[in-house]
Amino acid sequence: MSNHNTIEQLDESARSLLESYKDKELTLRDRLAIPIQEMPSQHPTVRASNMEEVALGYTKAQVQVEALRCIQCVNAPCVKGCPVGIDIPKFIKEAAEGDFASSIATIKESSMLPAVCGRVCPQEAQCQLTCTVGKSLKSVDKAVNIGRIERFVADWESSTNSRKTPEIAPPTGRKVGVVGSGPASMTAAADLRRAGHTVVMFEALHKAGGVLVYGIPEFRLPKAIVEEELSALETMGVTIERNFLVGRTARIQDLMEHEGYEALFIGSGAGLPRFLGIDGENLVGVFSANEYLTRSNLMKAYDKMKAGTPLYTSKHVAVFGGGNVAMDAARTALRLGAKRVTVVYRRTEVEMPARREEIAHAKEEGIEFMFLHTPSRIIGDEKGRVTHIELITCVLGDADESGRRSPVEIPNSETLYEYDTVIVAIGNASNPLIEKTTEHLKVNRRGNIIVDEESCATSIEGVYAGGDIVLGAATVILAMGQGRKAAKAMNAYLEKKK
Amino acid sequence: MFTILEKQRLSAEVFRMEIEAPRIAKARKAGQFIILQQGGDYAERVPLTIADADEQRGSITLVFQAVGETTHHLATLEVGDAIENVLGPLGQPTTIKQYGKVVCVGGGIGVAPMHPIAQALKRAGNELKIIIGARNKELVILEKEMRALSDDVIVVTDDGSYGRKALVTEPLKELSEVWKPDLVVAIGPPIMMKFCALTTKEYEIPTVVSLNTIMIDGTGMCGGCRVQVGGETKFACVDGPEFDGHEVDWDNLLMRLGTYKPQEDEAHHRCHIGLDLKEGEA
């Protein structure tokens, strides 16, 4: 890619811009004219064969320039677009002034994981969607890059060791449990611990962090960031019990009735991969995105010399789906040595639920896209290994209940394509284990736990739930928001219960 | 940490280990399994069936054959050493009730997970006949323990070095014809279970098998363990590990088990040429 700007080049132009704004009172017009700061990234051909983070983060000059683009509009639609209601204009203003300590403090009043959310939030569908700057410039792509500024100040806090352990209230003598260790659970655990309770977090895997560790690849979210958040929790006094599957190692009732837990938060995630139910789906070489990504991320199988967990050797990989997980799987396959990787999606690019930045990065890296196609069959050889996929061509029909135009299959359009590996990334259903092992826990027909919207309380007294087990496969920030809501309600519940 | 309390070498390649795991010992039921991971970033997760448990002592017993890198490394651990990660009990327990006459078939190290099931079935008032199969005399395990549960224990070896020279399906066929059992439980190598199921199908005897598939998390998250049972896709980790042997698509199962054969052969070669493996890198 010839037009790739290096971080040095981007920094250089940001510096000179900043110099030109010095001692100048910027008008609204001036601000709207400030060039959008591009996210520095690893060169596409270099990053296609390594696992390191693709987006390198703004430089100090860049973050200040980007923050100056914010016009500090009074109605601040961005705050309404943020699921946890971060005071966005305030933290941006502080960043523009170079006061990063105040900026991160402002974010942390509402969000616990800014280094994570700055990287993985779908900002263009949330805070940046309604940004006045973007509206004025007639494109959501021209909105203030709120997420990139958030990421910068969060990384600044970590790299300058400015992180402060939050104040912990005196011990209450109450014991609470948190099931799972992903974003919802991490947030709930922090807020419960801050109230002075003894907090034990239960994680089934040998590493904590949930989807942030097993699902999202290193090149999009470095695991060191998640580890830092987890060790911050441990510094606060949260106990993390790994190798503990609630529902099997002990049930909810066992914990509440026999082990002294007075309240529990269930944040066990949406961990049951969906398949298409088409012929050939159990052939050798067909993987759920969960399996493919877990092998690579959690088990570090990408490090072929050191890892005990093997990876399937692939030349031509087809990924079914159009969300972030599909992008992660496709880009992982490329990094693991596939010659050609194709994302097969039944709608068009406009309807793709993946973050715009991930789609753009995937394209830069050479991932192919086949829009308006849907798989109908997977074909294998005599050893049961995948050799071909059969796709049906679609056209866009009327809008469905999600508001997106739904694909309509064209009869007799089945065509065979040569692929040796298939990754199914069409979403996750909820894992039924806790529901099946917990009496009186109410779930909806999709198996998601039913909670009170305000308190996240379940049908069992003292048991709360949040994140994907409630929402279905959603986002990190929504999970975090629910963890926070639930913790607040749990703290109040314990206070009242006394 | 899960400390090794006892270690015993049952044959050249087969080991029995008793491991401190009080929670699993308390919660487990016959037929369930664990997944272990030997620490660090790189060690793989391996499912192993629980062969026994002692709730008082807070321990579980595992029996394994050193076949891959992980099990070879496990075999080098001694009493007092610890395994960093053990998750369990996983999977559905065996349905234990009074069936009447039950034949238990254990092949190779499959005899180990069969033992607690046979014990539970006996306790539930079933009349048992037990078939133990192995490649040779060396590899016959737990014969004494099984004899304590049934007066009728048939031992067969592939090479005839002990007991009858036969495959387990021979006595199974005879018993099916003459004794007419109400249930057959078969645990062992997949190919053995496949042929046990084929044998009993002829006589329409319900047959339960326990599948040891490829797995990572063991909680239903990855779907690597999926098997076709009665035309439906099931996850061995959460729906199993036990299934109706007559409904399992054995050819698909055997193919899926071979997914990583090329990589495994290479890894096996690596561990045998004595590559300097450090802790956590096995």
Side-chain angles (χ1 to χ4, degrees), chain A residues 203-207 211 214-215 223 242-245 247-251 254 268-275 277 281-295 298-301 303-313 380 382-385 424 428-429 431-433 436, chain B residues 2 21 23-24 26-28 32 34-46 68-70 73 84-91 214 216-228 233 235 238 249 251-260 262-264 266-267 278 280-282:
Chain A
E203 167 56 50
L205 296 173
H206 61 283
K207 273 190 201 170
V211 70
Y214 73 74
K223 298 310 145 224
R242 295 168 179 84
N243 304 303
F244 197 115
L245 179 62
R248 285 271 181 257
T249 310
R251 296 170 309 151
D254 301 330
S268 52
L272 199 75
R274 284 209 183 96
F275 287 90
E281 212 157 23
N282 291 333
L283 287 169
V284 177
V286 183
F287 305 91
S288 73
N290 278 2
E291 179 181 1
Y292 200 77
L293 291 170
T294 301
R295 282 180 183 273
L298 177 73
M299 309 311 295
K300 303 259 184 260
D303 196 338
K304 287 178 193 161
M305 283 318 287
K306 286 186 184 164
T309 304
L311 269 168
Y312 199 64
T313 312
E382 72 287 350
K383 286 181 183 155
R385 294 188 173 238
V424 183
N428 285 297
N431 191 319
L433 182 61
K436 279 191 181 159
Chain B
F2 300 82
R23 279 193 178 276
I24 304 174
K26 186 163 172 239
R28 76 95 213 192
Q32 291 186 300
I34 56 102
I35 284 192
L36 64 81
Q37 195 268 359
Q38 297 175 68
D41 271 349
Y42 300 107
E44 70 177 326
R45 292 169 67 89
V46 180
E69 261 187 303
T70 300
H73 184 259
E84 200 167 309
N85 301 293
V86 180
L87 172 68
L90 300 171
I214 289 173
I216 307 179
D217 60 293
T219 69
M221 194 264 284
C222 84
C225 65
R226 58 197 196 278
V227 285
Q228 274 172 222
T233 296
F235 287 9
V238 288
D249 181 339
D251 294 338
N252 183 260
L253 178 89
L254 289 162
M255 282 183 318
R256 288 187 60 82
L257 283 170
T259 301
Y260 297 102
Q263 287 91 329
E264 278 156 11
E266 196 192 319
K278 293 187 192 78
E281 295 184 356

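In what follows, chains are A, B, ... by sequence order, proteins preceding strands, each numbered from 1. What you see is a predicted model; the values in this text were computed from it and never measured.
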**Report entry** Heavy-atom proximity to chain A below 4.5 Å, by part of B/Q32
**Finding:** side chain
Report summary line: Nearest heavy-atom approach of A/A250 to B/R23 is CB-NH1, 3.9 Å
Report summary line: When B/T233, B/D249, B/N252 are each screened for side-chain hydrogen bond (donor to acceptor under 3.5 Å, both in side chains) with A/N282, the one that passes is B/T233
Query raised in the report: Side-chain contact, heavy-atom cut-off 4.5 Å: B/F235 with A/L272?
Result: yes
Query - Atom pair OG1/CD of A/T309 and B/E69 - distance to nearest 0.5 Å - result: 10.0 Å
Report task. Would you mind checking which part of B/R226 comes under 4.5 Å of any heavy atom in chain A, side chain (CB onward), backbone (N, CA, C, O), both or neither? Result -> side chain
**Report entry** Heavy-atom proximity to chain B below 4.5 Å, by part of A/Y292
**Finding:** neither
Report task. Could you check which of A/V286, A/L433, A/D254 has the highest count of heavy-atom pairs closer than 4.5 Å to chain B? Result -> A/V286
Query raised in the report: Out of B/R45, B/R28, B/Q228, which one racks up the most heavy-atom pairs below 4.5 Å with chain A?
Result: B/R45
Query - Toward chain B, the part of A/A204 with a non-hydrogen atom under 4.5 Å - result: both
Query raised in the report: Under the ring pair (Phe, Tyr, Trp, His ring centres under 6.0 Å) test, which residues partner B/F2, sequence neighbours left out?
Result: none
Query - Side-chain (A/N431) to main-chain (B/T219) donor-acceptor, under 3.5 angstrom - result: yes
Requested in this report: Measure the shortest side-chain to side-chain distance between B/D217 and A/L205 over non-hydrogen atoms and say whether it is less than 4.5 angstrom.
Outcome: yes
Query raised in the report: Relative to chain B, which segment of A/L293 carries a heavy atom at a distance below 4.5 Å: side chain, backbone, both, or neither?
Result: neither
Report task. Taking all heavy atoms of A/T249 and all of B/A27, pick out the closest pair and write down the distance. Result -> O-CB, 3.7 Å
Report task. List for me each residue that meets side-chain hydrogen bond (donor to acceptor under 3.5 Å, both in side chains) alongside A/Y312, sequence neighbours excluded, and say none if there are none. Result -> A/R385
Report task. Work out which heavy atom in B/M255 is nearest to a heavy atom in A/G384; give both atom names and the distance. Result -> SD-CA, 3.3 Å
Report summary line: Correct closest heavy-atom pair for B/R256 and A/L283 would be NH1-O, 3.4 Å
Query raised in the report: Taking atom CG of B/N85 and atom CZ of A/R242, what is their separation to the nearest 0.5 Å?
Result: 8.5 Å
Query raised in the report: What's the shortest heavy-atom distance between B/G220 and A/P273, and which atoms?
Result: O-CD, 3.3 Å
Requested in this report: Please flag which part of B/I24 lies under 4.5 Å from any non-hydrogen atom of chain A: side chain, backbone, both or neither.
Outcome: neither
Report summary line: Output for pair (B/L87 CG, A/E203 CD), nearest 0.5 Å, gives 9.0 Å
Requested in this report: Give, for atom CE of B/M221 and atom CG of A/L298, the distance between the pair rounded to the nearest 0.5 Å.
Outcome: 7.0 Å
Requested in this report: Please indicate whether B/K26 has more than 12 foreign heavy atoms, meaning atoms of other residues, nucleotides or ligands, lying under 6.0 Å from its NZ.
Outcome: no
**Report entry** Rounded distance (nearest 0.5 Å) linking atom CG of B/D41 with atom NZ of A/K207
**Finding:** 3.5 Å
Query - Portion of B/I214 that has a non-hydrogen atom of chain A nearer than 4.5 angstrom - result: side chain
